[in-house]
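Notes follow once the structure below has been shown.
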Amino acid sequence: MASLVWLSIDGGNTFELIADFHDDIIKNTYHSFYTSDITFVSRSGKVYLTKAGLGRYSKIGSISDKIFTLYYDHMGFIHKLTPDHFEAGGSLAAFGNSKGIFGQAPDMGFETVLAPQYITLNEMIFYAYVPENEPKESIHTKKFNDIHLGKLIHSRKTGTAYIRKILQHNTPKGFLSSVLAEIIDPFGIEEVHESSCLSSSLSINQAGNFSYKLSLQLQSVTSSFQDSDIEKTVVIPGYSSFLITRILDNENALAIATMPKTVPHNMTFLQGSWFLYNFGQRDGRTWNIRSKPCNYWFQQHDDSLSLNVLKYIDLGKSHTLKIKVIPNTKGVQTLEIPLLKVVVGNPNLLDVKVEGHFDDADSYRMEISAASKTLRQGSTSLAFIVWGASTECLVTTFVPMLKSSCSYLKSMHHIPSEIIPLEDWISGVHMDSQGFNMIKVLPINYRPPSNMGIAIPLTDNFYHADPSKPIPRNLFHKSKKSGKFKQCANVSTREECNCTNDQKFSHAVAFSDCREKVPRFKFPVTQYPISLKIYSEDGHIPVETPYLVTVTEVNNRENWNLKHTVPENVKKMKDYLESILHVPVYNPLGLNLSIKGSELFHFRVSVVPGVSFCNLGEEFQIYVDEAPLPFPGHTLIALAAAVLLGGLIFIAFMFQIRNIHPWDTCKKLIRTNNVNSTNITAN
């Protein structure tokens, strides 16, 4: 039974094989959603590591404990827990990888001989030798496989090469796999004191279908082939390399060619024009393969430290992400191909555009724009994968989540024409330039008037509610049937309403029970600017087209009107929306309010549907004070005054006609009363 690991980056539509563990079954996997680490533990106890979206993996150690578990903490550090001890992998040296638990990563080499073949001065191919008598079931142990991709080949002598590509093939004979590698540090060659044959010239002749005889043109008695030269590779610049498999005698050896088509038949190469490399294993393997240190740094444009950000994109809006990948590839050529792979989880949800380029410092910069252009709501992931990164890197994959939806932080706010400080709201006093207090403390259990009169409130909304106090303006039957407590329902005192300070200063009708103070204006209110702004995590913007709004008075009051301008490009949309919503629709830019009524007006402004995924709405209150008496008060007073004045004039006229002088009569009465008083005193 084979154990395979497949990778899909398109939601399971296609898969790519990244690992074949043959008969070593993977029994457990562990994941870190923060660093995108994925750890495999096999039945034999070997532990492997890969990253989400990365098409390569590494062996990071082994576990001998019979009972254990691995887990990642919230910062991406791996830990091991057994019944009797705990090992943490969060040391500074580990920096998120497995070294804190397993120590230095193991050698990922395998027990065979490598034959190097130069392609250019900076590139070479390493062929893995498979002996002819190798059992079929163990051939895979003599071959390069996917685990070696992106790793480093080190020579015991000197030299390092970076493996860029894995090749599987059936020819040439004896070589079933190879790797294309880029030389970072040159590999050391054998010296004459290590292989005396180097002091002679060398001729090459075919000795069979797949073997070649290497013959020395002796120039020294000490020059000869030795048993220690078996598994060494003859390298001739410009021609095929030859892996020595057998020593025939001091002057002749058998070898197999890495590139049979470039074998120099019947040619002799002078001393110094051919070289020997030792990548054998006769005295212990002279080479090893290990993980490459982190070769790329990930940087976000806003220097954010979060690897799993969540961004909301409202209808008709877009969001831009900027990513920079900084190569740390000392000695390795940076290929002029994009360093980032971008995978969109749900490509049908958002319109995603990607642009990338290399800057002057060889850093790769990418800008991604995602726009929401349809009424579809949902979420999608964007995976930015540094496909060439080493598994030693803490971050190889950046996965932001994009939601085509309303952000929880998005809201609309009314900007009052006069900003009143919080301390003035608390004190209840804020004087304008004319000495007018712009804060009104509402009466307890206040309800605004209705269209039937001040004394007949019909709204269900109480303001400054206190269940322990009497309800004013509650004489008429309709008023008694209306009015319902919300925050103060089923309690007996205002303290039990548990109103917070935020609720006491809130304009929302849901908290009207708690509202104690409101902005106060003199009658009449004319051309009051309704200024609105939309706030979100990206800042704030003024509310203007294409946002159109509706305005209602929550207590169904009248005596107010709005004035706004409607551009030609908005008029058709306004008419269309009014036919659907059956309410007036206004352009929020330059919207002005005029009020001809008195006392409290409570307005709700709502953005029409279809321009945002959010139900954007805002409420504000205005208390109109010092209003004249409502009709017919003025008329009745004027009529009464006119009747009284007319009556006085009529009486004076009648006295004049009848020659009645009431003042003289009063004088006579006063004089008579004085005489009578004098007589009574004298008696």
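Keep in mind that what you see is a predicted model, and the values were worked out from it rather than measured. All values below come from the heavy atoms of this structure, side chains included, with hydrogens, waters and symmetry mates left out. Counting begins at 1 with the first residue of the sequence.
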**Item:** Derivation of the side chain to side chain contact (heavy atoms under 4.5 Å, CB included) call for V399 and F33
**Value:** CA-CA 10 Å; V399 188; F33 293 101; over 6 Å; no
**Message:** Tell me whether F86 at atom CZ has more than 12 heavy atoms from other residues, nucleotides or ligands lying less than 6.0 Å away.
**Reply:** yes
**Prompt:** Can you tell me how far the CG atom of N592 sits from the OG atom of S531, to the nearest 0.5 Å?
**Reply:** 10.5 Å
**Asked** Is the Y364-Y296 ring centre distance short of 6.0 angstrom?
**Response** no
**Asked** Is it true that a side-chain atom of D37 and a backbone atom of H31 form a donor plus acceptor pair closer than 3.5 Å?
**Response** no
**Request:** Classify the side-chain pair S512/K486 by whether it contains a donor and acceptor separated by less than 3.5 Å.
**Result:** yes
**Request:** Run the numbers on C488 and C497 for disulfide bond (SG atoms under 2.5 Å apart), then give the verdict.
**Result:** CA-CA 5 Å; C488 298; C497 298; 2.0 Å; yes
**Prompt:** Are any side-chain N or O atoms of E619 and backbone N or O atoms of V509, one a donor and one an acceptor, separated by less than 3.5 Å?
**Reply:** yes
**Prompt:** About how many Å separate CG of L315 and SG of C406, when rounded to the nearest 0.5 Å?
**Reply:** 11.0 Å
**Asked** Taking the side chain as C-beta and beyond, is there a heavy-atom pair between M573 and L548 under 4.5 Å?
**Response** yes
**Message:** If you count heavy atoms of other groups shown closer than 6.0 angstrom to CH2 of W425, is the number above 12?
**Reply:** yes
**Item:** Approximate separation, where rounding is to 0.5 Å, of I38 CD1 and L54 CG
**Value:** 9.5 Å
**Message:** Could you tell me if the side chain of V551 sits less than 4.5 Å from the side chain of L591, heavy atoms only?
**Reply:** yes
**Request:** Return yes when atom OH of Y535 has more than 12 non-hydrogen atoms of other residues, nucleotides or ligands closer than 6.0 Å, and no otherwise.
**Result:** yes
**Asked** Donor-acceptor pair, S404 side chain versus R376 backbone, under 3.5 Å?
**Response** yes
**Prompt:** Got a second to check how far L532's CG is from I541's CD1, nearest 0.5 Å?
**Reply:** 11.5 Å
**Heavy-atom donor-acceptor pair, K51 side chain to A389 backbone, under 3.5 Å** = no
**Flag side-chain contact, heavy atom, 4.5 Å: L593 against F603** = yes
**Asked** Would one find more than 12 heavy atoms of other residues, nucleotides or ligands at under 6.0 Å from atom NE2 of H357?
**Response** yes
**Asked** Between I368 and F384, does a side chain to side chain contact (heavy atoms under 4.5 Å, CB included) hold up when you go through it step by step?
**Response** CA-CA 10 Å; I368 305 94; F384 301 95; 3.0 Å; yes
**Request:** Count the heavy atoms of every other residue, nucleotide or ligand shown that sit under 6.0 Å from CD of E558, and state whether that count exceeds 12.
**Result:** no
**Any donor-acceptor N/O pair, N445 side chain to D466 backbone, under 3.5 Å** = yes
**Request:** Decide yes or no for F523 and E626: does some side-chain heavy atom of the first lie under 4.5 Å from some side-chain heavy atom of the second?
**Result:** no
**Request:** Decide whether T459 and N555 meet the rule of one side-chain donor and one side-chain acceptor closer than 3.5 Å.
**Result:** yes
**Prompt:** Just by modelled atom types, is the A52 backbone N or O under 3.5 Å from a matching donor or acceptor in the S36 side chain?
**Reply:** no
**Message:** Test your reading of the model: is there a side-chain donor-acceptor pair from K440 to the backbone of F521, 3.5 Å cut-off?
**Reply:** no
**Message:** For K596 and N561, which I'm curious about, is there any donor-acceptor pair between the side chains at under 3.5 Å?
**Reply:** no
**Prompt:** With a 4.5 Å limit on heavy-atom distance, are the side chains of R557 and P448 in contact?
**Reply:** yes
**Message:** Give me the atom names and distance for the closest heavy-atom approach of P416 to I419.
**Reply:** CG-CD1, 3.7 Å
**Request:** Check the surroundings of atom CG in D359: do more than 12 heavy atoms from other residues, nucleotides or ligands lie under 6.0 Å from it?
**Result:** yes
**Request:** Any chance you could measure C294, atom SG, to L394, atom CG, to the nearest 0.5 Å?
**Result:** 8.0 Å
**Item:** Y72 and T39: CA distance, side-chain angles, deciding distance, side chain to side chain contact (heavy atoms under 4.5 Å, CB included) verdict
**Value:** CA-CA 10 Å; Y72 286 92; T39 298; 2.5 Å; yes
**Message:** Please identify which of these residues, E516, K517, R515, H602, meets the side chain to side chain donor-acceptor pair (under 3.5 Å) condition with Y463.
**Reply:** H602
**Prompt:** Looking at K403, H319, K410, which hits side chain to side chain donor-acceptor pair (under 3.5 Å) with D314?
**Reply:** K410
**Complete:** For V605 and M412 the tightest heavy-atom approach is O-CE, 3.5 Å
**Asked** Hey, does the side chain of H564 reach the backbone of N587 with a donor-acceptor pair shorter than 3.5 angstrom?
**Response** yes
**Message:** Using only atom types and a distance under 3.5 Å, with no angle test, would you say the side chain of S506 pairs donor to acceptor with the backbone of D502?
**Reply:** no
**Message:** To check you understand the geometry: which heavy-atom pair defines the closest contact between Q487 and N498, and what is its length?
**Reply:** NE2-O, 3.5 Å
**Message:** Is it true that E599 and Y446 share a donor-acceptor pair across their side chains at a distance under 3.5 Å?
**Reply:** yes
**Message:** Does any part of the side chain of Y623, heavy atoms only, come nearer than 4.5 Å to the side chain of L442, both counted from C-beta?
**Reply:** yes
**Request:** Take F298 and C393 through the test side chain to side chain contact (heavy atoms under 4.5 Å, CB included) and record every step on the way to the result.
**Result:** CA-CA 9 Å; F298 218 114; C393 294; over 6 Å; no
**Main-chain N/O of H414 paired with E618 side-chain donor or acceptor, under 3.5 Å** = yes
**Request:** State, with a plain yes or no, whether a side-chain heavy atom of P584 is found less than 4.5 Å away from one of E578.
**Result:** yes
**Item:** E423 CD: over 12 foreign heavy atoms closer than 6.0 Å
**Value:** yes
**Request:** Give a yes or no on whether N13 atom CG has more than 12 heavy-atom contacts from other residues, nucleotides or ligands under 6.0 Å away.
**Result:** yes
**Prompt:** Side chains of S479 and R447: do they bring a donor and an acceptor to under 3.5 Å?
**Reply:** no
**Complete:** Correct closest heavy-atom pair for F398 and P400 would be O-CD, 3.3 Å
**Fill in**
Here the gap from I534 atom CD1 to E544 atom CD, rounded to the nearest 0.5 Å, amounts to 9.5 Å
**Prompt:** Which pair of heavy atoms, one from I313 and one from L350, lies closest together, and at what distance?
**Reply:** CD1-CD1, 4.0 Å
**Request:** Would you indicate whether the side-chain heavy atoms of R520 and F436 approach each other to under 4.5 Å?
**Result:** yes
**Message:** Salt bridge or not between D625 and K522? Use side-chain N to carboxylate O under 4.0 Å.
**Reply:** no
**Complete:** On a heavy-atom basis, the closest approach of T69 and Y30 is OG1-CE2, 3.8 Å
